[in-house]
Each structure stands twice: as structure tokens, then as C-alpha cells.
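First up is the structure itself, then whatever we jot down about it.
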Amino acid sequence: MPDKNDIGFDWNNEEHLNLFINTHTELINTGFEAIFIDSAKHIGGYDMENYTGVGALPSYEQMQYIIHEIRSKSKNTHLSFVGEKSTGDFERYKNLGLSTGT
């Protein structure tokens with residue numbers, strides 16, 4: 001049973017967003033070279049009628065910011081971001097900051 005003091009993750013909470021970015025930056029700095037983004041196709045509300053995931057997704061602009069910040073803070077320019085189901089609209093995914101899709 002959840003504790004009454006638990007707070008759910010919120011993409012619009014700056015503290016949560018920074019925690020997400022900083023945690024991923026730490027992972028990259030330990031030697032990871034790629035990040036897989038589950039449900040990347042649906043980021044920004046795209047094709048939501050086929051979204052079967054759980055939880056809210058970041059906006060398109062938030063994910064652009066997140067990817068940029070992780071690359072910038074880790075100083076790892078060859079870092080790969082792989083997006084699930086990110087095929088078809090290649091310009092959309094490239095502009096999001098993804099390196100490739102599945």
C-alpha cells in the first residue's frame with residue numbers, strides 16, 4: 001500500500017525533471033553508451049490511440065531538452081538514444097534527438 005506521503009513522478013515538476021536528467025547523466029558517466037527510450041513514438045502525444053504503456057509521457061519539447069541536457073552534462077557527444085517504435089517519420093525522431101529507432 002502506498003505511503004500517504006508518496007509523490008508520483010511529474011514531468012512538469014522541475015525537481016523531478018532534473019532528477020531524471022542527472023540520474024541518466026550519472027549512468028552515462030559510469031560507461032553506458034546508449035539509452036533506450038520506451039514508447040518514444042508516443043512522446044508529445046503522438047499516436048496515443050495505440051499507446052499501451054503506463055504513465056504520463058514527456059512533451060516533445062521536454063524530451064528534446066532532456067536528451068540535449070544528458071548529452072551536454074555527460075560531455076558524451078557519441079551517446080546513442082534509441083527510440084522504441086521510432087520508425088516511419090524519421091524527421092520527427094531525428095529532431096527529437098534520437099540516434100535510431102526500433
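- The closest side-chain heavy-atom distance from Leu79 to Ile28 is below 4.5 Å.
- Closest heavy-atom contact between Gly83 and Ala40: CA-CB, 3.5 Å.
- Under the rule for a side chain to side chain donor-acceptor pair (under 3.5 Å), the partners of Ser59 that lie at least two apart in sequence or sit in another chain are Gln62.
- In this structure Ser72 satisfies the side chain to side chain donor-acceptor pair (under 3.5 Å) test with no other residue, sequence neighbours excluded.
- Remark: Ser80 engages Ala34, Ser99 in a side chain to side chain contact (heavy atoms under 4.5 Å, CB included) (not counting sequence neighbours).
- In this structure, the separation between CD on Glu69 and CG on Leu17 is 9.0 Å, given to the nearest 0.5 Å.
- Put simply, Ile35 and Leu57 are part of two different groups of oily side chains (I, L, V, M, F, W, Y) that touch within less than 4.5 Å, one to the next.
- Judged as a ring pair (Phe, Tyr, Trp, His ring centres under 6.0 Å), and not counting sequence neighbours, the contacts of His16 are Phe9.
- If you chain together hydrophobic residues whose side chains sit under 4.5 Å apart, Ile21 and Tyr60 fall into the same group.
- The two atoms that bring Ala56 and Trp11 nearest to each other are O-NE1, 3.1 Å, heavy atoms only.
- One hydrophobic cluster, built from ILVMFWY side chains closer than 4.5 Å, cannot hold both Ile67 and Leu19; they sit in different ones.
- Residues in residues 81-102 take part in no ring pair (Phe, Tyr, Trp, His ring centres under 6.0 Å) pair, two or more places apart or across chains.
- Within the 3.5 Å criterion, the main-chain N or O of Ser39 finds a donor-acceptor partner in the side chain of Glu84.
- A single hydrophobic cluster is not seen to contain both Val82 and Leu96; linkage of ILVMFWY side chains at heavy-atom distances under 4.5 Å, directly or through other members, places them apart.
- Partners of Asn76 according to the side chain to side chain donor-acceptor pair (under 3.5 Å) rule, which considers only residues two or more places apart in sequence or in another chain, are His78.
- Pairs engaging residues 90-102 under the salt bridge (charged side-chain N to carboxylate O under 4.0 Å, His left out) rule: none recorded [sequence neighbours left out].
- Taking the side chain as every heavy atom from C-beta outward, Ile37 and Ile43 approach each other to under 4.5 Å.
- The list of side chain to side chain donor-acceptor pair (under 3.5 Å) pairs with a residue in residues 20-32, not counting sequence neighbours, reads Asn22-Lys73.
- Side-chain heavy atoms closer than 4.5 Å link hydrophobic residues (I, L, V, M, F, W, Y) into clusters, and following such links, even through other members, never connects Phe36 to Phe32.
- Legend: side chain to side chain donor-acceptor pair (under 3.5 Å) pairs involving residues 48-57, not counting sequence neighbours, sorted by first then second residue: Asp47-Asn50.
- Put simply, the side chain of Gln64 gets close to the backbone of Asn95: a donor and an acceptor are under 3.5 Å apart.
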